[in-house]
Amino acid sequence: MLGMSIAKRLGLSIVFVSLSLVAPNAQAWDGHESIVSALQPELNHLGFPVSGYEAVLRHVGDPDNGMDANLDDSWDPLDERKWMGGTKGPTSAGFRHMYFGGWQIAHPIATFQIPIKAIGQAPERVAENATHAKHLLKAALNAESRADGFKKLGWSFHYAQDLAQPFHSVQVLTPRMIPWKELLAWPPKRGFGNLVREATRTVSNYHWAYEGYVRHRLRMADSGVLQKCLAQSKVYANLELEDVHSPKELAYAVSRASVRLGPKLGGAVIEFFGKDLMSPDYDLPNGKGHLDYSALATRADVKEHRAKLEEVTCAALANAAQATLWLAKWALR
Ligand SMILES: [Zn+2]
């Protein structure tokens with residue numbers, strides 16, 4: 001690609017550094033409750049008391065409500081926030097809700113990221129909360145500590161479900177989301193600055209549009225396709241659980257499964273939402289532009305693209321469900 005080679009000459013890295021500063025939002029599925037409620041029969045089957053299920057449902061969304069934002073520097077000893085949303089505001093929570101597993105030479109495009117080492121605390125958040133939950137539920141000192149155990153378990157579900165959303169496990173799903181034409185400006189330095197700003201905006205637009213659409217779809221009365229992926233998650237997941245023996249290993253396995261879905265989701269997202277989201281009329285995280293999700297969910301002219309998007313989303317949601325059930329089983333064991 002011409003754009004790519006120009007970018008390489010200019011130093012592609014700066015694009016992605018700046019991209020990662022602003023692009024992430026910490027909402028992931030924006031519908032963690034939908035995932036948990038679809039799993040109610042299976043959680044009941046695992047021995048969840050009604051109060052435990054209700055506590056998990058009530059708290060699974062907590063981590064997106066500010067508790068991970070604007071943290072003191074001591075919580076970020078590796079200084080990862082500079083790559084993953086900055087240290088202030090809602091995006092400063094991102095480093096605890098994502099994990100980019102590092103650049104792999106065998107998959108140079110699918111895993112391209114800056115820095116090339118693994119970054120993000122989501123696996124630690126899964127492990128710490130699940131372990132804490134297991135201790136509390138085992139000790140069962142009193143109703144209060146049991147309730148706290150289910151709350152922590154709900155939090156561990158949250159971070160694992162986030163990792164099942166490929167935008168949270170891959171920094172740039174496809175180079176097609178980058179508006180390379182910005183590089184044609186003169187002088188090159190100006191073109192480069194434009195590219196950085198515009199790439200941040202376009203990737204964020206696709207991220208927001210995707211999450212908004214999935215949320216809308218899950219809430220529709222006829223959400224059969226995606227509900228089925230949650231209810232029969234074992235059939236649709238691409239998560240490999242054979243070698244998973246701990247919550248942290250689970251988190252890494254979920255992230256790897258997301259990386260495998262990344263390129264397909266990246267292509268599907270662009271085709272479904274179209275190139276419009278690259279236009280200056282859209283800056284969804286900042287309230288500019290509007291998407292009609294109801295129309296997108298039913299329009300005949302995007303039927304094929306919708307099917308492709310929903311197929312890969314099916315696998316991602318199924319991974320989220322499988323990870324949730326694995327953690328529930330582990331914590332109650
Ligand atoms: Zn989150």
K.L.:
So Thr202 and Tyr282, side chain to side chain donor-acceptor pair (under 3.5 Å) or not? Walk me through it.
P.N.:
CA-CA 8 Å; Thr202 54; Tyr282 289 91; over 6 Å; no
K.L.:
Evaluate the side-chain proximity of Asn205 to Phe273: yes if any heavy-atom separation is below 4.5 Å, no if none is.
P.N.:
no
K.L.:
According to salt bridge (Lys or Arg N to Asp or Glu O under 4.0 Å), does anything in residues 264-280 pair up with another residue at least two apart or in another chain? List the pairs.
P.N.:
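Only Arg176-Glu271, Lys264-Glu311, Glu271-Lys308 qualify under salt bridge (Lys or Arg N to Asp or Glu O under 4.0 Å).
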K.L.:
Between Tyr53 and Phe150 (judged by ring centroids, cut-off 6.0 Å), do the two rings come close enough to count as a pair?
P.N.:
no
K.L.:
Mind jotting down which residue pairs meet the side chain to side chain donor-acceptor pair (under 3.5 Å) criterion with at least one end in residues 314-325? Sequence neighbours excluded, please.
P.N.:
Gln161-Thr324, Ser233-Gln322, Asn238-Asn319
K.L.:
To check you understand the geometry: which heavy-atom pair defines the closest contact between Ala160 and Val254, and what is its length?
P.N.:
O-CG1, 3.7 Å
K.L.:
Could you give me the CA-CA distance, side-chain angles and deciding distance for Lys151 and Arg146, then say whether side-chain contact (heavy atoms from CB on, under 4.5 Å) is met?
P.N.:
CA-CA 9 Å; Lys151 176 169 93 175; Arg146 251 186 109 65; over 6 Å; no
K.L.:
How long is the gap from CG on Leu332 to NZ on Lys138, to the nearest 0.5 Å?
P.N.:
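Leu332 atom CG to Lys138 atom NZ measures 10.5 Å (nearest 0.5 Å).
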K.L.:
What verdict does the salt bridge (Lys or Arg N to Asp or Glu O under 4.0 Å) test give for Asp73 and Arg81, after you've listed the backbone C-alpha separation in whole Å, the side-chain angles of each residue and the deciding distance to 0.1 Å?
P.N.:
CA-CA 9 Å; Asp73 287 351; Arg81 286 178 298 179; 3.0 Å; yes
K.L.:
Just verifying a value: how many Å separate Leu218 CG and Met220 CE, rounded to the nearest 0.5 Å?
P.N.:
10.5 Å
K.L.:
Give the minimum heavy-atom separation between Ile35 and Ala320, together with the two atoms involved.
P.N.:
CD1-CB, 4.1 Å
K.L.:
Take Val172 and Phe167 through the test side-chain contact (heavy atoms from CB on, under 4.5 Å) and record every step on the way to the result.
P.N.:
CA-CA 8 Å; Val172 177; Phe167 274 95; over 6 Å; no
K.L.:
If you group Ile, Leu, Val, Met, Phe, Trp and Tyr by side-chain heavy-atom gaps below 4.5 Å, do Tyr236 and Leu226 land in one group?
P.N.:
no
K.L.:
Measuring only between side-chain heavy atoms, which start at C-beta, is His32 closer than 4.5 Å to Asp162?
P.N.:
yes
K.L.:
Under 3.5 Å, side chain of Lys134 to main-chain N/O of Trp330, donor-acceptor pair present?
P.N.:
yes
K.L.:
Check this for me: does any side-chain nitrogen of one of Arg96 and Asp68 sit under 4.0 Å from a carboxylate oxygen of the other?
P.N.:
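A salt bridge links Arg96 with Asp68.
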K.L.:
Looking at NZ of Lys288 and CG of Asp281, how far apart are the two atoms once the value is rounded to the nearest 0.5 Å?
P.N.:
6.5 Å
K.L.:
Please report the closest heavy-atom contact between Leu250 and Ala323, naming both atoms and the distance.
P.N.:
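Reported closest heavy-atom pair: CD2-O, 3.7 Å.
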K.L.:
Only counting residues at least two apart or in another chain, list the ones meeting side chain to side chain donor-acceptor pair (under 3.5 Å) with His132.
P.N.:
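Listed in chain order: nothing, the list is empty.
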K.L.:
Between Leu284 and Tyr206, is there a side-chain heavy-atom distance shorter than 4.5 Å?
P.N.:
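Contact flag for Tyr206/Leu284 side chains = no.
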K.L.:
If we ignore angles and hydrogens, is there a donor and acceptor under 3.5 Å between the side chains of Tyr213 and Glu310?
P.N.:
yes
K.L.:
Between Tyr99 and Tyr252, does the ring centroid distance fall short of 6.0 Å?
P.N.:
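Ring centroids of Tyr99 and Tyr252 are less than 6.0 Å from each other.
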K.L.:
Begin with the C-alpha distance, continue with both residues' side-chain angles, and end with the deciding distance and a verdict on side-chain contact (heavy atoms from CB on, under 4.5 Å) for Thr174 and Leu265.
P.N.:
CA-CA 9 Å; Thr174 166; Leu265 180 63; over 6 Å; no
K.L.:
Does the side chain of Val214 reach to within under 4.5 Å of the side chain of Glu211, using non-hydrogen atoms?
P.N.:
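No, every pair of side-chain atoms sits at 4.5 Å or beyond.
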K.L.:
Answer whether the closest heavy-atom distance between the side chains of Leu78 and Phe95 falls below 4.5 Å.
P.N.:
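The answer is no; the side chains never approach within 4.5 Å.
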K.L.:
Report yes if some heavy atom in the side chain of Thr111 is under 4.5 Å from a heavy atom in the side chain of Val170; otherwise report no.
P.N.:
no
K.L.:
Quick check: does any side chain N or O of Arg306 sit under 3.5 Å from a backbone N or O of Leu296, one acting as donor and the other as acceptor?
P.N.:
yes
K.L.:
Which label fits His158 and His97: parallel for a plane angle under 30°, tilted from 30 to 60°, or perpendicular past 60°?
P.N.:
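Plane angle over 60°, so perpendicular.
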K.L.:
Can you spot which of Val36, Leu43, Asn44 makes a side-chain contact (heavy atoms from CB on, under 4.5 Å) with Gln40?
P.N.:
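Of the listed residues Val36, Leu43, Asn44, the side-chain contact (heavy atoms from CB on, under 4.5 Å) partner of Gln40 is Asn44.
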K.L.:
Determine whether Leu57 and Leu327 fall in the same hydrophobic cluster, where Ile, Leu, Val, Met, Phe, Trp and Tyr are linked whenever their side-chain heavy atoms lie under 4.5 Å apart.
P.N.:
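Looking at the clustering, Leu327 is in the same group as Leu57.
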K.L.:
Has the side chain of Ser169 got a donor or acceptor atom that lies under 3.5 Å from a matching backbone atom of Gln165?
P.N.:
no
K.L.:
Within the side chain of Trp103, is there an N or O that forms a donor-acceptor pair under 3.5 Å with the backbone of Pro108?
P.N.:
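At least one qualifying donor-acceptor pair exists.
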K.L.:
Inspect the contact between Lys82 and Asp76 and indicate whether a charged nitrogen and a carboxylate oxygen are less than 4.0 angstrom apart.
P.N.:
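A salt bridge is absent here (no side-chain N lies under 4.0 Å from a carboxylate O).
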K.L.:
If Ile, Leu, Val, Met, Phe, Trp and Tyr residues are connected whenever their side-chain heavy atoms lie under 4.5 Å apart, and connections chain through other members, are Val235 and Leu261 in the same group?
P.N.:
no
K.L.:
For residues Pro263 and Val259, report the shortest heavy-atom separation together with the two atoms involved.
P.N.:
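The answer is CD-O, 3.4 Å.
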K.L.:
Does Thr131 reach the main-chain N or O of Ala127 with its side chain, forming a donor-acceptor pair under 3.5 Å?
P.N.:
yes
K.L.:
In Å and rounded to the nearest 0.5 Å, what is the SG to NZ distance from Cys314 to Lys228?
P.N.:
6.0 Å
K.L.:
Would you give the length of the straight line joining atom CZ of Arg217 to atom CG of Leu317, rounded to the nearest 0.5 angstrom?
P.N.:
11.0 Å
K.L.:
In plain terms, say whether Asp283 and Arg201 are close enough for a salt bridge, that is, a side-chain N and a carboxylate O under 4.0 Å apart.
P.N.:
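A salt bridge is absent here (no side-chain N lies under 4.0 Å from a carboxylate O).
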K.L.:
Is it the case that one hydrophobic cluster holds both Ile270 and Leu277, taking links as side-chain heavy atoms less than 4.5 Å apart, direct or via other members?
P.N.:
yes
K.L.:
Would you name the heavy atoms of Ala133 and Leu153 that are closest together and state the gap between them?
P.N.:
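For Ala133 and Leu153, the tightest heavy-atom pair comes out as CB-N, 3.6 Å.
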K.L.:
Glu80 side chain to Ile119 main-chain N or O, any donor-acceptor pair under 3.5 Å?
P.N.:
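No, Glu80 side chain to Ile119 backbone: no donor-acceptor pair under 3.5 Å.
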K.L.:
Indicate yes or no for a side-chain donor-acceptor contact from Asn129 to the backbone of Arg125 under 3.5 Å, with no hydrogens or angles considered.
P.N.:
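A pair under 3.5 Å: yes.
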K.L.:
His216 and Ser294: which non-hydrogen atoms are nearest, and at how many Å?
P.N.:
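Smallest heavy-atom distance, with atoms named: CE1-OG, 3.3 Å.
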K.L.:
Test your reading of the model: is there a side-chain donor-acceptor pair from Asn70 to the backbone of Gly89, 3.5 Å cut-off?
P.N.:
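At least one qualifying donor-acceptor pair exists.
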K.L.:
Roughly how far, to the nearest 0.5 Å, is CD1 of Ile109 from CG of Leu173?
P.N.:
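Those atoms lie 13.0 Å apart.
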K.L.:
What I'd like to find out is whether the side chain of Trp155 reaches to under 4.5 Å of the side chain of Met67, using heavy atoms alone.
P.N.:
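Yes - at least one pair of side-chain heavy atoms lies under 4.5 Å apart.
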K.L.:
Would you say that Lys152 contacts His135 through its side chain, given a criterion of any heavy-atom pair below 4.5 Å between the two side chains?
P.N.:
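Counting from C-beta outward, Lys152 and His135 never come under 4.5 Å.
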K.L.:
I'd like to know if Tyr159 and Leu136 are part of one continuous hydrophobic network [Ile/Leu/Val/Met/Phe/Trp/Tyr, side-chain heavy atoms within less than 4.5 Å].
P.N.:
no
K.L.:
Would Ile178 and Val203 count as a side-chain contact (heavy atoms from CB on, under 4.5 Å) if you check the C-alpha gap in whole Å, the side-chain angles of each, and the deciding distance to 0.1 Å?
P.N.:
CA-CA 7 Å; Ile178 310 297; Val203 172; 4.1 Å; yes
